[in-house]
Protein chains: 4
Amino acid sequence: MLQKPPLSPRKKPVQARSQATVDAILEATARVLVDSGYDRASTNRIADRAGVSIGSLYQYFPSKESLVGALIDRHSDEMLAVFLRQVAAVKDAPIHEAVRAVVVATVDSHLVEPKLHRIFEEQVPRIGKLAESLEKLDTHASSAVRAYLLAHASELRVKDLETAIFVVVHAVEALVHRAVFVQRGPTRDALVEAIVDLVTRFLAEDQ
Amino acid sequence: MLQKPPLSPRKKPVQARSQATVDAILEATARVLVDSGYDRASTNRIADRAGVSIGSLYQYFPSKESLVGALIDRHSDEMLAVFLRQVAAVKDAPIHEAVRAVVVATVDSHLVEPKLHRIFEEQVPRIGKLAESLEKLDTHASSAVRAYLLAHASELRVKDLETAIFVVVHAVEALVHRAVFVQRGPTRDALVEAIVDLVTRFLAEDQ
Amino acid sequence: MLQKPPLSPRKKPVQARSQATVDAILEATARVLVDSGYDRASTNRIADRAGVSIGSLYQYFPSKESLVGALIDRHSDEMLAVFLRQVAAVKDAPIHEAVRAVVVATVDSHLVEPKLHRIFEEQVPRIGKLAESLEKLDTHASSAVRAYLLAHASELRVKDLETAIFVVVHAVEALVHRAVFVQRGPTRDALVEAIVDLVTRFLAEDQ
Amino acid sequence: MLQKPPLSPRKKPVQARSQATVDAILEATARVLVDSGYDRASTNRIADRAGVSIGSLYQYFPSKESLVGALIDRHSDEMLAVFLRQVAAVKDAPIHEAVRAVVVATVDSHLVEPKLHRIFEEQVPRIGKLAESLEKLDTHASSAVRAYLLAHASELRVKDLETAIFVVVHAVEALVHRAVFVQRGPTRDALVEAIVDLVTRFLAEDQ
DNA sequence: GATGAATGAGCGTTCATTCAT
DNA sequence: CATGAATGAACGCTCATTCAT
């Protein structure tokens, strides 16, 4: 379901043109969402910005929901790439270091297109297929965390692994979201330290 | 709930009639939001459901935003009442017990009108005045937590109190929200235990 | 149809109260019209400003049209009073002096409540009974001019008196309206001179 | 009136379809205004009458104001064409003849679509952008008069040219409007004679 | 395929007017 | 008589979607 790098080279020219159109539409969607917000992001406005007719837009995306869903998917993939790259580097590191990497990676992934991400989180209704798209990131992040924790099970103080994953992933995500987007409250650095502390103490005994 | 002491005797009967209408409108708003979601909750539909003309609705609420905002305020007050009542009971209790009370109180407050709460969290765009209303609960919950932590500062291992409050309040809220509403994931009881553990270890040394 | 000074003193007390209410409503109408314009001057807003219930407003005025019509009548009476007082003073004066008096009187009558007058002229649709009310001033001004011209017929160069009256009254009115309200164009004094010149040359031979 | 020289060949067929729709909408606007008056001329009614969806109306006119403004512009252009054609023919004629031509041209221009013109003058509120559109005719008529008077300055008795233009244009317009639309009063022919007399005596010495 | 004109249900909101109290 | 809560038709306008060209 993810569009990975060009694995199937057949019909490239046609696909290349199509892909360019699709990209233009998705780019326009992102820009209109950021500029106008979800409620005022009409498909006509998006087609205009993409330099594409509204008819063409509907050729590639059968509904507004599918269009926004595709953009969310694309954005999730980008965030996930940032997250996984950083987390992969510490897959053998001790817990404290790994936790810090997860928190920082979460922050960095939130900085990919922060305005767009904020609109996804705060304006797009979590309904129908959009809800699924918006959950995608969690699911994949959970997998990465699961892999690490399974490999380091002996160092953990928590017993119920699935619950721990759930707690860690969602606590980190919620706190980072607020750290990145909400003005009031502690500085971002102070928060990162606190989140690392919170999660580390939860997962492992003091060494 | 009306007419407590005769402080302002003028317009009392008038107000009673109005209040009934206002209540009917707010009730209808809640029901329509739950049944149809925020996007399909039109003011005309709400007025219909309230058994009231659209004109009456606009006599009491100058805009859809103000109507939803009023309902959010009302709902926040109810949740807050549940939360504060339970938290007040442990204001002198040791940290572990207090944290458990906070987590359980958060869960209970989420069960006041869970479907409505979910709409507020997941469908109402965090924009303009609605954003403020949606923040109300956090602000008040933070105050309660602040009061407790200030009184128990000597027992805490965290130094930066404001950061700790921020972390605790938002982590608990985000995790409870998911515990209550999202089907996949651990059982609610397991989660409550884990959240208590997470927060307790963060705030205080093992005794 | 004009309310002249208290000619029928019976039932004074009752009428006094009613009259006070009516006056308050008319005053409020004038103020709301000036502040908000005709389109946004709702009967509810007017009743509010008058410190009177909407029900009472409709007790005295059966429709918005009748309310605005009454205000136009009242305003026309005030303008007419100013106009007639000044014109009466020159009823035996030579034409040039009389014409000047008419023009100046027209200007002065436009300054009674200029903002209100402008709204009557530029925003109130000339439809139904309102059209009649708005014509009232013309009719009475024409009568005054007619009386003068009849008395000075021998000095006139124009033969068709009714046509002359029509031309004089409406030309003066249109030009004075623009002189008073429109920013672009000549200064008011220059215009007054020109209007006097226009009308004098039209009515009489140079002496 | 379309497609004169092939200057911009792109979108020509497209434009033709659009232009037909725009024309239908403007025509319907004129008819609805005449039939129902400005206040009852709703955009939905106009779209209905044009045999076009309300959405199409708003594709071409972003607001009711812009729609009525466009119609006023179109109508002003038509009136102006009639006026200028007749006035141009006498640009070298002596004053008396030129004045007569101006008055007759003003009458004729008022007969282009008299009912519509009356609506514009008497029902459309002179507010915002509509005020500008409604002034358009005056401005252009003034220019034509200015050109003539400048060319014939030596024959004039008035010294202040701008004031004279102002007086002539607005007096003629106001009187013609009444001559054409108001039932009571002198016959139209008598009025035309009187207006010509009024203006001629004002501008020039008897020859 | 691409185009963009066209659609129309539905939205939030206003306001002259009525009528039970 | 006065009140003001209640009414509801109607308004200007948006936008996801369709379909003839």
Side-chain angles (χ1 to χ4, degrees), chain A residues 14 17-18 21 39-48 52-67, chain B residues 10-11 13-22 39-48 50-67, chain C residues 14 17-18 21 39-48 52-68, chain D residues 11 13-22 39-48 50-67:
Chain A
V14 171
R17 264 220 303 164
S18 295
T21 303
D39 278 356
R40 309 201 62 85
S42 73
T43 50
N44 279 284
R45 220 190 293 256
I46 290 168
D48 260 24
V52 147
S53 72
I54 181 67
S56 289
L57 186 152
Y58 273 86
Q59 200 83 32
Y60 292 106
F61 301 97
S63 69
K64 187 184 180 185
E65 189 181 33
S66 71
L67 170 57
Chain B
R10 272 173 309 185
K11 299 209 275 178
V14 167
Q15 295 258 355
R17 202 143 79 97
S18 297
Q19 194 59 48
T21 301
V22 167
D39 278 355
R40 310 195 71 83
S42 76
T43 51
N44 278 284
R45 215 192 293 260
I46 289 168
D48 262 20
V52 143
S53 73
I54 181 65
S56 287
L57 187 153
Y58 276 91
Q59 211 140 71
Y60 297 106
F61 301 97
S63 68
K64 184 185 179 183
E65 189 180 35
S66 74
L67 169 57
Chain C
V14 169
R17 264 219 303 164
S18 295
T21 304
D39 277 355
R40 308 201 63 84
S42 75
T43 51
N44 279 285
R45 221 191 293 253
I46 290 168
D48 258 25
V52 147
S53 72
I54 181 68
S56 289
L57 187 152
Y58 273 86
Q59 201 82 32
Y60 293 106
F61 301 97
S63 70
K64 187 184 179 183
E65 187 183 34
S66 71
L67 170 57
V68 175
Chain D
K11 300 207 276 177
V14 167
Q15 294 260 353
R17 201 144 78 100
S18 297
Q19 193 59 48
T21 301
V22 167
D39 278 355
R40 311 195 70 84
S42 75
T43 50
N44 277 285
R45 216 192 293 261
I46 290 168
D48 262 19
V52 143
S53 74
I54 182 64
S56 288
L57 187 154
Y58 276 92
Q59 209 139 73
Y60 297 106
F61 301 97
S63 68
K64 185 185 178 182
E65 189 180 36
S66 74
L67 170 57

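Protein chains get the first letters and strands the later ones, always in sequence-line order, with residue 1 at the start of each.
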Please report, rounded to the nearest Å, how far the [atom2] atom of [N] is from the [atom1] atom of [X].
X     : N      : atom1 : atom2 : answer
A/I46 : F/dA16 : CD1   : P     : 8 Å
A/R40 : E/dG12 : CZ    : P     : 13 Å
C/D39 : E/dT13 : CG    : C1'   : 15 Å

Nearest 0.5 Å, please: how far is [atom2] in [Y] from [atom1] in [X]?
X     : Y     : atom1 : atom2 : answer
C/I46 : C/S42 : CD1   : OG    : 6.5 Å
C/L57 : C/K64 : CG    : NZ    : 11.0 Å
A/D39 : B/D39 : CG    : CG    : 6.5 Å
B/Q59 : B/S53 : CD    : OG    : 8.0 Å

TODO: Write down the atom of D/R45, the atom of D/R40, and the distance for their closest heavy-atom approach.
DONE: NE-O, 2.8 Å

Task: Minimal non-hydrogen separation, C/S63 against C/S66, with atom names - done: O-OG, 2.8 Å

Task: Comparing A/A41 and B/G51 on DNA chain F - which has the more 5′ nearest nucleotide - done: B/G51

Open item on the list: By the 4.0 Å heavy-atom rule, please label A/D48 as base, sugar-phosphate, or nothing.
Closed with: nothing

Open item on the list: Once you apply a heavy-atom cut-off of 4.0 Å, does D/S42 come out as touching a base, just sugar-phosphate, or nothing?
Closed with: sugar-phosphate

TODO: Could you check if a side-chain atom of B/V22 sits within less than 4.5 angstrom of a side-chain atom of B/F61, using non-hydrogen atoms only?
DONE: yes

TODO: Return the residues of residues 57-68 of chain C meeting this criterion: a heavy atom under 4.0 Å from some atom of DNA chain E. Order them by number, or give none.
DONE: C/Y58, C/S63, C/K64

Distance below 4.0 Å between [X] side-chain N/O and [N] OP1 or OP2:
X     : N      : answer
C/T43 : E/dC15 : no
B/S53 : F/dG8  : no
D/S56 : E/dT7  : yes

Task: Nearest-nucleotide comparison on DNA chain E, the residue closer to the 5′ end among C/I54 and B/R45 - done: B/R45

Task: Donor-acceptor pair (no angle test) under 3.5 Å: D/N44 side chain, F/dA10 base - done: no

- [ ] For DNA chain F, list all stems, counting runs of three or more consecutive pairs where every pair is Watson-Crick or G-U wobble with both distances under 3.5 Å.
- [x] E:2-21 with F:2-21

